[in-house]
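Notes to accompany the following structure.
To find a chain, count down the sequence lines: A is the first, B the second, and so on, and within it residues start at 1.
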2 protein chains.
Amino acid sequence: MRRSSEDTKSAILAAARERFGADGYEKATIRAIAGDVGVDPAMVMRYFGNKEKLFAAAAHFDLRFPDLASTPREQVGTAMVGHFLDLWETSEALQVLLRTGVTNEAAAERMREIFATQLGPLAARLCPDPATAPTRAGLAASQILGLALTRYVLRLPPVMAMTREEVVAWLGPTLQRYLTE
Amino acid sequence: MRRSSEDTKSAILAAARERFGADGYEKATIRAIAGDVGVDPAMVMRYFGNKEKLFAAAAHFDLRFPDLASTPREQVGTAMVGHFLDLWETSEALQVLLRTGVTNEAAAERMREIFATQLGPLAARLCPDPATAPTRAGLAASQILGLALTRYVLRLPPVMAMTREEVVAWLGPTLQRYLTE
DNA sequence: ACTGTAGGCCAACGGGTGTTGACATAGCTA
DNA sequence: TAGCTATGTCAACACCCGTTGGCCTACAGT
């Protein structure tokens with residue numbers, strides 16, 4: 001069977017996201033990704049050049065944090081936790097970055113960039129003293145990423161067992177304090 | 001120059017901890033570890049059998065969380081953050097587990113085990129309703145590991161820039177609430 | 001029907017990996 | 001001094017990796 005170029009390309013990209021997200025950068029091999037698609041590894045090279053560029057393509061997406069301008073200031077913490085849980089469970093994007101960012105410097109840099117450009121301004125707009133905004137954004141990141149790490153990567157049983165509502169109820173006030181108090 | 005068996009063995013172990021902690025499981029090669037010690041890779045095999053056993057040996061340590069029985073109940077949060085910062089900066093042990101736990105299932109299991117046996121009972125003794133103890137321990141783990149991730153692994157600038165006192169002041173109340181309220 | 005080309009496969013390369021077994025040598029013991 | 005054992009080296013194996021260049025083949029345009 002013959003496919004269009006675009007079909008194959010996007011199929012490879014999808015498989016790459018899955019592998020990078022599940023195995024990390026080193027363990028995710030081009031051969032395995034190609035195998036998932038049912039295609040020769042040479043195809044991956046043809047369309048993406050090399051492994052690093054394939055990863056860059058797989059890790060490139062516009063991760064737009066929800067615009068919280070419309071939510072009441074006192075509920076910004078809980079709203080944020082909710083939106084983040086959606087993000088994690090909807091797309092594999094963040095999963096990819098978290099798994100690879102631990103051993104791959106490019107992914108770590110991308111993570112820094114995302115949090116600087118997305119969480120930073122949000123914190124700046126919300127917090128009382130603008131000078132403390134970066135610190136507050138960093139604190140929020142630590143709690144959000146810590147939840148993702150323990151829930152989706154390390155899979156600590158009690159963290160996995162929590163319902164969405166419980167997570168929001170527990171983490172909401174924490175983020176609220178980090179961002180606004 | 002000739003060394004004693006024990007000297008070489010512990011030198012290998014130290015180099016292994018450093019490599020595993022810096023590079024993760026896959027990227028840390030036996031050849032590189034042996035090279036750091038200035039020894040033939042075959043020595044590593046002779047003393048530790050294979051890579052997995054070397055890793056098990058490098059990741060085996062009794063990570064005893066500080067006994068917080070003597071600290072006043074209202075200060076348990078800040079005390080815990082302080083002790084954890086000490087742990088992270090004193091030994092490479094936790095760094096190894098965090099870096100490898102993301103891609104290596106054995107390390108993830110070890111992390112789960114540590115948090116279950118060490119943080120679990122602590123939470124059980126502190127929190128008001130024993131039924132919620134595991135959840136509370138998990139929440140505490142999420143914030144502690146999230147800090148370690150953003151500060152020591154991803155190295156988000158604002159999180160790196162915080163002083164020890166600032167970290168304690170911000171995270172202390174969070175842990176206090178997770179564990180006791 | 002003929003041909004050009006895009007989409008895909010195959011075999012191989014150079015290099016790195018974990019791992020193995022044979023060999024060397026320093027230092028203790030008889 | 002002779003020999004044994006602990007400590008260590010060396011070369012090689014089999015495998016997997018990313019990557020490359022040549023070959024095939026189905027299809028579209030003429």
Side-chain angles (χ1 to χ4, degrees), chain A residues 1-60 96 99-107, chain B residues 1-60 96 99-107:
Chain A
M1 192 47 187
R2 210 68 174 281
R3 275 177 288 207
S4 91
S5 169
E6 284 307 312
D7 282 358
T8 306
K9 211 171 161 182
S10 70
I12 290 173
L13 217 46
R17 287 214 180 85
E18 202 148 326
R19 285 281 179 179
F20 281 130
D23 298 338
Y25 187 81
E26 345 278 332
K27 219 197 286 185
T29 70
I30 288 193
R31 285 169 145 94
I33 292 167
D36 290 346
V37 185
V39 114
D40 193 271
M43 284 287 90
V44 180
M45 308 304 295
R46 182 191 285 286
Y47 287 130
F48 294 94
N50 57 33
K51 187 178 182 178
E52 210 164 328
K53 285 182 191 163
L54 170 64
F55 173 73
H60 187 65
V96 171
R99 268 255 165 65
T100 55
V102 171
T103 48
N104 184 277
E105 179 53 29
Chain B
M1 192 48 185
R2 210 71 175 277
R3 276 177 288 208
S4 89
S5 168
E6 285 306 314
D7 282 357
T8 304
K9 211 171 160 181
S10 70
I12 290 173
L13 217 45
R17 287 214 180 86
E18 202 148 325
R19 287 280 178 179
F20 281 131
D23 299 337
Y25 186 81
E26 345 278 331
K27 220 198 287 185
T29 69
I30 287 193
R31 285 169 145 95
I33 292 167
D36 290 346
V37 185
V39 113
D40 195 272
M43 282 286 89
V44 179
M45 307 305 294
R46 183 191 284 286
Y47 288 131
F48 294 94
N50 58 32
K51 186 178 183 180
E52 209 165 328
K53 285 181 191 163
L54 170 65
F55 173 74
H60 186 65
V96 171
R99 268 255 165 64
T100 54
V102 171
T103 47
N104 184 279
E105 179 53 27

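- The cationic group of A:Lys51 lies under 6.0 Å from the six-membered ring centre of A:Tyr25 and within 45° of the ring axis, placing it in a cation-pi geometry.
- Residue contacts for B:Phe48: at a heavy-atom cut-off of 4.0 Å it reaches no nucleic acid atom on any strand shown.
- Between B:Asp36 and B:Ala15 the shortest heavy-atom distance is CB-CB, 4.0 Å.
- For the pair B:Lys9 NZ and D:dA6 P, the interatomic distance rounds to 14 Å; values are reported in whole Å.
- The heavy-atom pair separating A:Asn50 from A:Met45 by the smallest distance is CA-CE, 3.7 Å.
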Check nucleotides 15-18 of chain D for protein N or O atoms closer than 3.5 Å to its own N or O atoms and list the pairs.
| from | atom 1 | to | atom 2 | distance (Å) |
| --- | --- | --- | --- | --- |
| D:dG18 | OP1 | A:Ile30 | N | 3.3 |
| D:dG18 | OP1 | A:Lys51 | NZ | 3.2 |
| D:dG18 | OP2 | A:Ile30 | N | 3.2 |
| D:dG18 | N7 | A:Arg31 | NH1 | 2.4 |
| D:dG18 | O6 | A:Arg31 | NH1 | 3.3 |
| D:dG18 | O6 | A:Arg31 | NH2 | 3.2 |

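- In this structure, B:Met43 atom CE and D:dG8 atom C1' are separated by 5 Å, rounded to whole Å.
- Residues B:Leu13 and B:Tyr47 fail the side-chain proximity criterion, which asks for heavy atoms closer than 4.5 Å.
- Around the CD atom of B:Glu52, the shell of radius 6.0 Å holds no more than 12 heavy atoms that belong to other residues, nucleotides or ligands.
- In terms of heavy atoms, A:Leu54 sits closest to A:Ala16 at CD1-CB, 4.0 Å.
- Taking each heavy atom of B:Thr103 and B:Arg99 in turn, the nearest pair found is OG1-O, 4.5 Å.
- You'll find that the side chain of B:Tyr47 is closest to D:dT7, out of C:dT19, C:dC9, D:dT7.
- Residue B:Glu18 qualifies as open at atom CD: its count of foreign heavy atoms under 6.0 Å is 12 or below.
- Across the protein-nucleic acid pair, A:Asp7 atom CG and C:dA6 atom C1' stand 14 Å apart, rounded to whole Å.
- Here the shortest heavy-atom pairing between A:Arg17 and A:His60 reads NH2-O, 3.9 Å.
- Protein atom CG of A:Asp40 is 10 Å distant from nucleotide atom C1' of C:dA11, rounded to whole Å.
- Atom CD1 in B:Ile33 sits roughly 11 Å away from atom P in C:dT17 (whole-Å rounding).
- Taking only side-chain nitrogens and oxygens, A:Ser5 never comes nearer than 4.0 Å to OP1 or OP2 of C:dA6.
- Applying a 4.0 Å cut-off to non-hydrogen atoms, none of the residues of residues 14-22 of chain A approaches DNA chain C.
- Following rounding to the nearest Å, A:Ile12 (CD1) and C:dG8 (C1') show an atom-to-atom distance of 11 Å.
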